[in-house]
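Contents: one structure, followed by commentary.
Quick note on labels: first sequence line is chain A, next is B, and so on, each numbered from 1.
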Amino acid sequence: MDEANRKTRIFVVDDEVSFTKLVKLTLEARGNYEVCVLNNPKLAVATALKFMPDIIILDVVMPEIDGGELYHLFKLNPNLKEIPIIFLTAIVRQSELEKNRGMIGGSFYLAKPVSADGLLRAIEQHLRPS
Amino acid sequence: MSSIFPFTSGDPHGADNFLLHNLLQNLPDTIYFKDRESRFILINPALARLFGMKSVEEAIGKTDFDIFTYEHASSAMSDEHEILRTGKPIVDKEEKETWPNGTVTWVTTTKLPLRNAENEIVGTFGMSRNVTARKLAEDALKQAVKDLQASQEALQSAHQQLVQAAKMETVGRMAAGIAHEVQNPLQILLISIDYLVQRMPDRDAELDGVLSDMRHAAERADTIIRGLLDFSRSDELTLVTQDLNVLIHNTLNLVRHNLSANHVNPVEDLEPELPCLPLDEMKIEQVLVNLFNNAIHAMPTGGTLTVKTRSTQLTERPRDLGAREVAHFYPGDRVVTIDIEDTGPGISPDALRKIFDPFFTTKATGKGTGLGLAITKNIIDLHHGEIQINNRPEGGLSCHLMFKVPKSEAP
């Protein structure tokens, strides 16, 4: 595929099947996005290495491996460490995030529930300048 | 004297005198007779004993001023003058007798006009019964009842506080769990609605309305969950010295849209040079937004929202609605008060009692979570402040907030 027309690759790791399905449907219908979703966090690093996303959307509370652990696994991998990561979770409040411009401990967070527009705004804002 | 008391100078063995003599000698109640100048002309042995006199004759010619304190003697003499003037008796009057050595006794006294054979009033006479023991028992009983009432109130208040604390703890514990479990399905709902909107660009007005209702319902549920989260996490404060006037002014700006949409006129009556207070800015802003919005909602057809700030020094311990003394505040404390007043209809006394209970709301379903004032109270308590809500005599509700000024900030 022509590099200029390459779709932005978004990798969503969340154990909520319905959510990931709808995110994929909604975002891909919105624009030039290719969305890969994963409900089993144990396969996240392997899937990411295969998909090579431009941005990762990460749930925090997941069975077996939580979002925090996954974050470190991504950052430890030389091929993945530069990819921006957004945490999307119900454990933070929007009001907490607004105080800190979405940052908690150096990471960017979105509070669930977020609208498709809100999610896309955050994605566009955090994509690495290509 | 003999003309007044024929039986004392006449034959003591006459039938009538014999009876009267026995009565006077043996009755445990005290009996006295006085002339028009309130001088004793006769007392019975019981009264002589009470006066500490060896014989009844010792009292003759003396007045109450020789025996009691000036205050008591004046009062007794004034009663006797009234009887001499009007001829009307005083029946069963409870009197406090203060003796020169400071002893206090209580008696019930009946005083009557003393008349001679021509029916002229020539003095007074009376009879008293010592009721000190009964009076002391009554006083002790009254005090015991008062103490009992006070301890009952304290118990009731402690019980209410315990129930409240248990409720708060339960709500707090539930909140974090519920929040996570409910926010995820809400996320699915919201993104589904976005998806449907996107898939149906040519939808008609009816479908558009349904989708809009769905979105509002999801957002409403989100608001409730956020309220629960605020509630569960409202126990940590980040205190920074603040100018409350500035905070109030800025917060009124935040609700400016609500004010104008409801035709509510804001009035700022802020005391200049208000002492600064250590406050959690975000949380106090949350408190003010809650209180301002409640006031605005209470005036759907418009009105006036007045915010007053004052600094003052307490002269006594403030009391809450149940007349109990408020914790943390003492006479001499310098305090800053905020009064937020609306011109709405006020609320019923029953609702007032429950106003800070979690999940209690007077708003229609979907209009309030019933957590706003519970959170507000929690935040004020964390600041060791006081919040009281009352109906104003002139109508509407008044919310009174009080914060202690730290010693270093006081002038």
Side-chain angles (χ1 to χ4, degrees), chain A residues 10 12-33 35 37 39 41 57-63 66-68 86-101 104 109-124, chain B residues 175-201 211-212 214-234 236-238 240 251 254 280-287 289-290 371-372 375 379:
Chain A
I10 303 169
V12 182
V13 187
D14 193 310
D15 59 326
E16 285 276 357
V17 179
S18 319
F19 173 64
T20 51
K21 186 177 78 187
L22 280 152
V23 166
K24 182 174 169 63
L25 284 170
T26 310
L27 295 191
E28 287 186 347
R30 283 279 173 110
N32 203 23
Y33 302 110
V35 181
V37 299
N39 303 118
I57 310 292
L58 208 50
D59 186 16
V60 173
V61 182
M62 289 184 288
D66 67 31
I86 296 175
F87 286 109
L88 176 59
T89 174
I91 62 165
V92 294
R93 285 175 298 171
Q94 200 53 43
S95 58
E96 283 174 330
L97 296 174
E98 279 159 9
K99 270 192 288 186
N100 310 304
R101 295 167 186 243
I104 297 178
Y109 279 74
L110 274 177
K112 280 184 182 176
V114 65
S115 65
D117 284 341
L119 185 56
L120 274 179
R121 263 199 308 275
I123 288 169
E124 290 300 333
Chain B
I178 289 178
H180 186 255
E181 291 311 309
V182 179
Q183 297 287 59
N184 276 310
L186 276 180
Q187 174 67 81
I188 295 167
L189 270 179
L190 262 186
I191 207 102
S192 305
I193 296 162
D194 284 341
Y195 175 71
L196 291 176
V197 168
Q198 202 170 292
R199 283 295 302 270
M200 293 181 277
L211 286 169
S212 165
M214 284 170 70
R215 183 187 297 282
H216 285 143
E219 282 168 355
R220 214 170 86 194
D222 180 37
T223 306
I224 294 170
I225 297 299
R226 280 167 205 263
L228 278 169
L229 275 176
D230 282 341
F231 191 76
S232 70
R233 294 183 195 179
S234 57
E236 307 139 21
L237 292 183
T238 311
V240 175
T251 311
L254 284 182
D280 185 312
E281 184 182 357
M282 293 288 288
K283 289 202 163 69
I284 295 299
E285 186 184 284
Q286 188 184 356
V287 163
V289 166
N290 263 340
L371 284 171
I375 293 169
I379 293 174

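More than 12 non-hydrogen atoms from other residues, nucleotides or ligands lie less than 6.0 angstrom from NZ of A:Lys24.
Listed options B:Asp222, B:Val197, B:Leu189 were ranked by heavy-atom pairs under 4.5 angstrom with chain A; first place goes to B:Asp222.
With values rounded to the nearest 0.5 angstrom, A:Thr20 atom OG1 is found 8.5 Å from B:Ile188 atom CD1. Between the CD atom of B:Gln187 and the CG atom of A:Asp14 there is a distance of 8.0 Å, given to the nearest 0.5 Å. B:Ile191 CD1 to A:Ser115 OG: the interatomic distance, rounded to the nearest 0.5 Å, is 7.5 Å. Interatomic distance, B:Tyr195 OH to A:Arg30 CZ, rounded to the nearest 0.5 Å: 12.0 Å.
Inter-residue side-chain proximity for B:Asn184 and A:Phe19 is flagged as unmet; no heavy-atom pair is nearer than 4.5 Å. Contact annotation: the side chain of A:Asp117 never approaches that of B:Asp194 to less than 4.5 Å [non-hydrogen atoms, C-beta and beyond]. For the pair A:Leu25 and B:Gln198, the minimum side-chain heavy-atom distance is 4.5 Å or more.
The backbone N or O of B:Pro185 lies less than 3.5 Å from no partner atom in the side chain of A:Glu16, so there is not a single donor-acceptor pair.
The contact between B:Leu186 and chain A is made by backbone and side chain atoms together, counting heavy-atom distances below 4.5 Å.
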